[in-house]
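Sequential numbering from 1 along the given sequence is applied to the chain's residues. Just so you know, these numbers use all the heavy atoms, side chains as well, and skip hydrogens, waters and symmetry mates.
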Amino acid sequence: MKKRLFIVLLAATISITGSQASFVLASSDSEPSAEQTSDEKSTFTFRDIQWWGTKTDAEKQLVAEGAEIQTAAFEDNILRMSGIDYANSTGAKDRVEGGGTVVRYSGLKVAGYTPSETEACYIYTLNDDGSINKDKDSAQFYFGWYTFESYDYADGEGVYNDLLQKLQSLYGDGAINSDDDYFTTSTWTDADNNQIRLLLGGKNKDYKYVTLGYIAAGADEKLDEMQAAVDAENIASEAADREKNKKDVSGL
C-alpha cells in the first residue's frame, strides 16, 4: 500500500514539474530578451509596400494613399541606410551612382507628422549577362525614408523623442548609438533582418533634423552587386572611348 501511494505521489510531482517547465519555456519564447532589438513577430515594411517589388507597383500604392510624385535632388544616387545620416550630403560609400533611381513624394503623413520629404530608392535589375537593365518602371523598391528638416520643425529633438517613444512601444528599445558628436541613432531589426533607423542629426547645433528610414534585408549585398556592374559598365565605356580616339587620331 505504501509503495503504491509513493508511486502515485511521484507521478503527480513529475506532472506538476513538467507543467511548470513548459510554462517557463513558453514565456521565454514569447517575451523578447534585453538583447533582442525588435518584436520577432513583426515584419518591417515601409508603408506596407512589398520589398523588391517594382517601382510601378510601389507608386500605385503610394499615389492611392495621396502621394504626389516629385523630382528628387539626387535622382540617380541610390543610397544605403547610412546615406540618410547627413541631410542632403552623401559620400561614395553611402551610395551607388547610376545604379537605380530615387523619387521624392509629397502629401504623405507618418505618425501624425507631415515630413519635409518622403523619398524612396529603386535599384535597377541585372540582366542574365550581368549588364544593367535601366528600365525605371521595373526597378525594385528596397529603401524608403522620411526627413523632418529644421525649417519645418523647430523642435527637432522633440520630434525625435516622440517618434522614438512610438517606435519603442511597438518594437522595444532598439540599438541606440549616441557616440557620434553629430547624430544619435536608434535601430531596430526584425527576424528577417529588415531594418528601421531613427536619427537625430545636428544634435550639437541649434538646428536639428530627423530622419526615419526603412530598408530591406539584403540591400547592401544587392548594392554591392550593382556597384560592381556600374564599375564594369564604366570601364567598358572608357575602353570604347579610347578605341574611338585611336581611330580619330589615325584619321588625321
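Residue-environment remark: CD (Gln50) stays at or below the threshold of 12 foreign heavy atoms within 6.0 Å. For CG of Asp129, the number of neighbouring non-hydrogen atoms (other residues, nucleotides, ligands) closer than 6.0 Å is greater than 12. Enclosure of atom CG in Asp206 is not indicated, since only 12 or fewer non-hydrogen atoms of other residues, nucleotides or ligands lie within 6.0 angstrom.
For Trp52 against Ala219, the heavy-atom pair with the smallest separation is CH2-CA, 3.9 Å. Val110 approaches Pro115 most closely through the heavy-atom pair CG1-CG, 3.8 Å. Between Trp145 and Gly213, the shortest heavy-atom contact is CB-CA, 3.6 Å. Between Ala72 and Val102, the shortest heavy-atom contact is CB-O, 3.4 Å. Nearest approach of Ser116 to Asp152, heavy atoms of both residues: OG-OD2, 2.6 Å. Of all heavy-atom pairs between Gly202 and Tyr209, the closest is N-CE2, 4.0 Å.
Within the 4.5 Å cutoff, no side-chain heavy atoms of Ile84 are placed close to those of Leu199. Contact of the Tyr214 side chain with the Thr45 side chain is not registered, since no non-hydrogen atoms from C-beta on lie closer than 4.5 Å. Taking 4.5 Å as the limit, every side-chain heavy atom of Thr187 sits out of range of all side-chain heavy atoms of Asn177. A heavy-atom distance below 4.5 Å is not found between the side chains of Lys166 and Leu170. Taking 4.5 Å as the limit, some side-chain heavy atom of Val63 sits within range of a side-chain heavy atom of Ile69. When side chains are defined from C-beta on, Ile132 does not count as touching Asn127, because their heavy atoms never get closer than 4.5 Å. Between Ile78 and Thr101, the closest side-chain pair of non-hydrogen atoms is not below 4.5 Å. A 4.5 Å side-chain heavy-atom check between Leu223 and Arg95 finds every atom pair outside the cut-off.
A distance of 9.0 Å separates CG in Asn133 from CG in Leu126, rounded to the nearest 0.5 Å. Rounding to the nearest 0.5 angstrom, the gap separating the OG atom in Ser82 from the NZ atom in Lys93 is 5.0 Å. Separating the CG atom in Asn77 from the CD atom in Glu97 is a distance of 4.5 Å, to the nearest 0.5 Å. How far CG of Asp220 is from OH of Tyr142: 9.0 Å, rounded to the nearest 0.5 Å. Rounding to the nearest 0.5 Å places CD1 of Ile196 at 11.5 Å from CG of Leu163. Considering CD of Glu117 and OG1 of Thr211, their distance stands at 11.5 Å, rounded to 0.5 Å.
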| field | Derivation of the ring pair (Phe, Tyr, Trp, His ring centres under 6.0 Å) call for Phe143 and Tyr122 | value | CA-CA 7 Å; Phe143 188 20; Tyr122 304 91; over 10 Å; no
| message | Let's go through Tyr113 and Asp162 carefully: what are the C-alpha distance in whole Å and the side-chain angles of both, what is the deciding distance for side chain to side chain donor-acceptor pair (under 3.5 Å) to 0.1 Å, and is it a yes or a no? | response | CA-CA 11 Å; Tyr113 295 97; Asp162 181 43; 2.6 Å; yes
| query | Can Glu149 and Thr147 be said to form a side chain to side chain contact (heavy atoms under 4.5 Å, CB included), step by step? | reply | CA-CA 6 Å; Glu149 295 282 9; Thr147 304; 3.6 Å; yes
| request: Would you check, one step at a time, whether the test side chain to side chain contact (heavy atoms under 4.5 Å, CB included) holds for Glu65 with Leu108? | output: CA-CA 7 Å; Glu65 293 183 27; Leu108 295 171; 4.1 Å; yes
| Going through the distances and angles, do Lys55 and Val103 end up as a side chain to side chain contact (heavy atoms under 4.5 Å, CB included)? | CA-CA 10 Å; Lys55 175 175 176 289; Val103 183; 3.6 Å; yes
| message | Between Tyr105 and Glu59, does the side chain to side chain donor-acceptor pair (under 3.5 Å) criterion hold? Intermediate values first, please. | response | CA-CA 10 Å; Tyr105 305 94; Glu59 291 194 329; 2.5 Å; yes
| message | One pair to check against side chain to side chain contact (heavy atoms under 4.5 Å, CB included): Thr118 and Leu62. What are the steps and the verdict? | response | CA-CA 11 Å; Thr118 301; Leu62 290 169; 6.0 Å; no
| side chain to side chain donor-acceptor pair (under 3.5 Å) evaluation trace for Ser42 with Asp190 | CA-CA 6 Å; Ser42 299; Asp190 69 13; over 6 Å; no
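Using modelled atom types, one finds a donor on one side chain and an acceptor on the other under 3.5 Å when comparing Ser138 with Asp135. Checking Gln140 against Tyr124 by side-chain atom types alone, no donor-acceptor pair falls below 3.5 Å. Under 3.5 Å, the side chains of Asp57 and Thr54 contain a donor-acceptor pair of N or O atoms. In the model, Asn161 has no side-chain atom that pairs as donor or acceptor with a side-chain atom of Gln165 under 3.5 Å.
Taking the six-membered ring where the residue is Trp, Tyr153 and Phe148 present perpendicular rings, their angle passing 60° and hence far from 30°. Under the 30°/60° scheme for interplanar angles, the aromatic rings of Phe46 and Tyr146 are found to be tilted.
Ion pairing between Arg104 and Glu68 fails under the 4.0 Å rule for side-chain N and carboxylate O. Salt-bridge annotation for Asp155 and Lys208: absent, with no side-chain N of the basic residue lying under 4.0 Å from a carboxylate O of the acidic one. Salt bridge status for Glu157 with Lys203: absent, with no side-chain N to carboxylate O gap under 4.0 Å.
Not a single donor-acceptor pair under 3.5 Å links the side chain of Asp94 to the backbone N or O of Arg80. A distance-only check finds no donor-acceptor pair linking the side chain of Thr184 to the backbone of Ser178 [under 3.5 Å]. The closest donor-acceptor contact from the side chain of Gln61 to the backbone of Arg47 lies under 3.5 Å.
Following chains of ILVMFWY side-chain contacts shorter than 4.5 Å, one cannot reach Tyr207 starting from Leu200, and the two form parts of different hydrophobic clusters. Leu198 and Ile176 are members of different hydrophobic clusters when ILVMFWY side chains are connected at heavy-atom separations under 4.5 Å.
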